[in-house]
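Reminder, nothing fancy here: chain letters follow the sequence lines and each chain counts from 1.
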Amino acid sequence: MTGSKTFYLTTPIYYVNDVPHIGHAYTTLACDVLARFMRLDGYDVKFLTGTDEHGQKVEKSAMNAGIAPQEFTDRVSQNFRDLVSLMNYSNDDFIRTTEPRHIASVQELWRRLESAGEIYLGSYAGWYSVRDEAFYGEDELTTSPSGKKIAPTGAECEWVEEPSYFFRLSAWQDRLLEFYEQNPDFIAPAGKRNEVMAFVKSGLKDLSVSRTTFKWGIPVPGNPDHIMYVWLDALANYITAVGFPDESGEYARYWPANLHMVGKDILRFHAVYWPAFLMAAKLAPPKRVFAHGWWTIEGQKMSKSLGNVIAPETLVNTYGLDQTRYFLLREVPFGNDGDFSHKQMVQRINGNLANDYGNLVQRSLSMIGKNCGAAVPQPGAFTEADDALLGAARNLLPIVRAEFQAQAFHKALDAIWAVIGDGNRYVDEQAPWALKKTDPARMATVLYVLAETIRHLAILTQPIMPEASARILDQLAQGPDARGFDRLGAAGALVPGTPLPTPQGVFPRYVDEAKS
RNA sequence: GGCAGCGUAGCUCAGUGGUAGAGCAGGGGAAUCAUAAUCCCUUGGUCGGGGGUUCAAAUCCCUCCGCUGCUACCA
């Protein structure tokens, strides 16, 4: 056993009514690279993703499709399971909110909240638009000449009242603020933390947590006329997946979650409602919620009406899987909004991957293949320059680790690429092609230093680019058991004389189709 | 409207009191191991405008202009 070092991280569960796009792929990708990193770093990791399958919209979509809701969700949730293999995600579980384990979990959570006096039956009243399926505040509405209340969307609203259970969110305002104060890293990035705290400080109202207007959801225990509020249902997936209500097994090992990764649109649910629900049920709140930004496409907002929504499959087919993974995490400081453009993508592929990283690997391994009998060369004494490059490579782990722990993936990549740059400069300065004639022993040392540097780089790029990194490690004859972070440094140093396969390019240049 | 943040080289951004920086793009050169990839040098900014504090401000204060986010129950 690895012992006590565990790491539990989650993506949001995706609403099955959506078609997977770059945004979904991005969220799960960020979790995937973190999960891979932590595993390589010796942690016992649980990485969860899944689908949110209840709610009025799903019910309606199923009806329109002429099939039962369950059959409908079975069908469309497949889109998200396909995304897993397309993007090479390494999740340990895939949860669906229609599974029996989840229904049992949510109902138990409800019972605990109810028995703790945190839920009461009241009635929910407000201006409701049937067309928008949404309630509006009095101040958002305008009045038409005929006296009707009109929503900002132009839809007519009517005053409706329905019985509803409420969660006593108002009672948690101070305890939430105290929780944020005592856990300054709970919400990231910092700007988002300020927004959430401002929201909570502005005052919290009790939250309606049940509906009677549709059926497709989890019934309230003891009152099946009520369906649970979708967010209570959805958020609970994070404890369901670790076995709740059984608190002995995985729950004891993994809960509280180390990280909930979310898009910035659903931060409030995770940073306000969720810890309140959990604390009210006398369960531990998660350690951290990170809200990342949105992608625009060629400078424009992604939207169905603009027809510029990019399917992850298109990216992977056009640019390659690892190239896409690299771009999404390198191009934009994680947490910021970013823009996807073909030009930038090609820039990254050709500049960073083909020219910098790929070329360093290829030029080094190619010289070893041709001049060192296709085996790891035998080094002599190291010079200052050798030690400098090796030192930079060996010093990378603590830097990269710190950046990953802060989810600053772009900074981790910057640090790795700095060493790639060092490597290319070292090749030019040492000019092993000249040493070949003048000092073959020195050439062997230089090439050994390069191979050892590349080994470090490839081990560290595994989380971001699993396939390409594996191919580089293959070319260094490093087997599956030689790829963990415990092999960085002297512990895993290449053994001179080890036969190496013929090197092959790993990052091809992207050449645009000839314009017509 | 209120609260918060941003505005630095053509582009994307780093830099929070002490002589303006990086990557990419542009220009010149070197090298030839390598996916014509690499390496070196270099052009380029009155740090949004104005005012103030200070020996010294991109960095602190005030003000104006522009942009963005949040301001609860569609997920």
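In this structure, A/Tyr14 has its ring center closer than 6.0 angstrom to the ring center of A/His24. You'll find the ring centres of A/His270 and A/Tyr238 inside the 6.0 Å limit. Two rings, from A/Tyr510 and A/His342, have their centers less than 6.0 Å apart.
Across all strands, A/Lys436 comes closer than 4.0 Å to no nucleic acid atom at all (heavy-atom distances). When heavy atoms are screened at a 4.0 angstrom cut-off, A/Asp339 is found touching no nucleic acid atom at all. As judged by a 4.0 angstrom heavy-atom cut-off over every strand, A/Gly358 is placed among the base-contacting residues. Among the atoms of the strands shown, base atoms are found under 4.0 Å from some heavy atom of A/Gly203. Among the heavy atoms of the strands lying under 4.0 Å from A/Phe199 is at least one base atom, whether or not backbone atoms are also near. Heavy atoms of A/Ser208 sit under 4.0 angstrom from at least one base atom. Across all strands shown, A/Ala354 has heavy atoms under 4.0 Å from base atoms, whether or not it also approaches the sugar-phosphate. In this structure, A/Gln362 reaches the bases: a heavy-atom distance under 4.0 Å links it to at least one base atom across the strands shown. Across all strands shown, A/Val506 has heavy atoms under 4.0 Å from base atoms, whether or not it also approaches the sugar-phosphate. Across all strands, A/Asn17 comes closer than 4.0 Å to no nucleic acid atom at all (heavy-atom distances). Among the atoms of the strands shown, base atoms are found under 4.0 Å from some heavy atom of A/Leu204. Using a 4.0 Å heavy-atom cutoff across all strands shown, A/Phe507 reaches at least one base atom of the nucleic acid.
Rounded to whole Å, the distance from CD on A/Glu331 to C1' on B/rG23 is 11 Å. Computed from coordinates, the A/Asp356 CG to B/rU35 P distance equals 16 Å when rounded to whole Å. Put simply, NZ on A/Lys437 is 11 Å from C1' on B/rC33, counting in whole angstrom units. What separates CD1 of A/Ile266 from P of B/rA72 is a distance of 18 Å, to the nearest Å. Straight-line distance from the CZ atom of A/Arg425 to the C1' atom of B/rC41: 14 Å, rounded to whole Å. One can place CD of A/Gln475 at 12 Å from P of B/rU35, the figure rounded to the nearest angstrom. Straight-line distance from the NZ atom of A/Lys264 to the C1' atom of B/rA75: 17 Å, rounded to whole Å. Put simply, NZ on A/Lys301 is 11 Å from P on B/rU68, counting in whole angstrom units.
For A/Trp433, the listed nucleotide lying nearest its side chain is B/rA31; candidates were B/rG69, B/rA75, B/rA31. When distances are taken from the side chain of A/Tyr124 to each of B/rC39, B/rC73, B/rA75, the shortest belongs to B/rC73. The side chain of A/Gln347 lies closest to B/rA25 when the candidates are B/rA72, B/rA25, B/rA75. Ranking B/rU38, B/rC73, B/rA72 by closeness to the A/Tyr229 side chain, first place goes to B/rC73.
Contact between the side-chain N/O atoms of A/Asn194 and the OP1/OP2 oxygens of B/rA4 is not found at any separation under 4.0 Å. Residue A/Lys192 places none of its side-chain N or O atoms closer than 4.0 Å to OP1 or OP2 of B/rG5. Between A/Arg509 and B/rA37 there is a side-chain N or O to OP1 or OP2 distance below 4.0 Å. Proximity of A/Trp231 to the phosphate of B/rA75: a side-chain N or O atom is located under 4.0 Å from OP1 or OP2.
Using atom P as the reference point in both B/rG21 and B/rG44, the two lie 13 Å apart (nearest Å). Atom P of B/rA14 sits at a distance of 16 Å from the matching atom of B/rA22, rounded to the whole Å. A gap of 30 Å separates the C1' atoms of B/rG23 and B/rC60, to the nearest Å. The gap from the C1' atom of B/rC61 to that of B/rA20 amounts to 23 Å, rounded to the nearest Å. Comparing the same atom, C1', in B/rU35 and in B/rG49 gives a spacing of 50 Å after rounding to whole Å. Spacing of P atoms, B/rG7 relative to B/rG48, comes out at 7 Å, to the nearest Å. Spacing between B/rA25 and B/rC13 at atom C1', rounded to whole Å, works out to 15 Å. Spacing between B/rA58 and B/rC47 at atom C1', rounded to whole Å, works out to 4 Å.
For B/rA37, there is no paired nucleotide, since no Watson-Crick or G-U wobble pair has both relevant distances below 3.5 Å. Nucleotide B/rA9 forms no Watson-Crick or G-U wobble pair with any nucleotide shown, as no partner meets the under 3.5 Å limit on both distances. Across every strand in view, B/rA20 sits unpaired, with no contact that passes the Watson-Crick or G-U test at under 3.5 angstrom. Within the shown strands, B/rU71 is the pairing partner of B/rG1 under the Watson-Crick or G-U definition, both distances less than 3.5 Å.
Cation-pi geometry between A/Arg330 and A/Trp417 is met: under 6.0 angstrom from the ring centre, within 45 degrees of the axis.
In terms of position along RNA chain B, the nucleotide closest to A/Met367 lies nearer the 5' end than the nucleotide closest to the other residue of the pair A/Asn424 and A/Met367. Of the two residues contacting RNA chain B, namely A/Asn355 and A/Arg363, the nearest-nucleotide position lying further toward the 5' end is that of A/Arg363.
Shown are A/Trp110, A/Tyr120, A/Tyr229; of these, the ring-ring contact (aromatic ring centres under 6.0 Å, His included) with A/Tyr165 is made only by A/Trp110. Paired with A/Phe409 under the rule ring-ring contact (aromatic ring centres under 6.0 Å, His included), one option of A/Phe404, A/Tyr26, A/Phe327 passes, and it is A/Phe404.
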Please step through side-chain contact (heavy atoms from CB on, under 4.5 Å) for the pair A/Met302 and A/Thr296, ending with a clear verdict.
CA-CA 6 Å; A/Met302 219 179 5; A/Thr296 52; over 6 Å; no

Begin from the C-alpha positions of A/Glu59 and A/Lys215 and carry the test salt bridge (Lys or Arg N to Asp or Glu O under 4.0 Å) through to its verdict.
CA-CA 8 Å; A/Glu59 185 177 67; A/Lys215 302 294 287 181; over 6 Å; no

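A/Lys264 has a carboxylate O that lies under 4.0 Å from a charged side-chain N of A/Asp337, or vice versa, which qualifies the two as a salt bridge.
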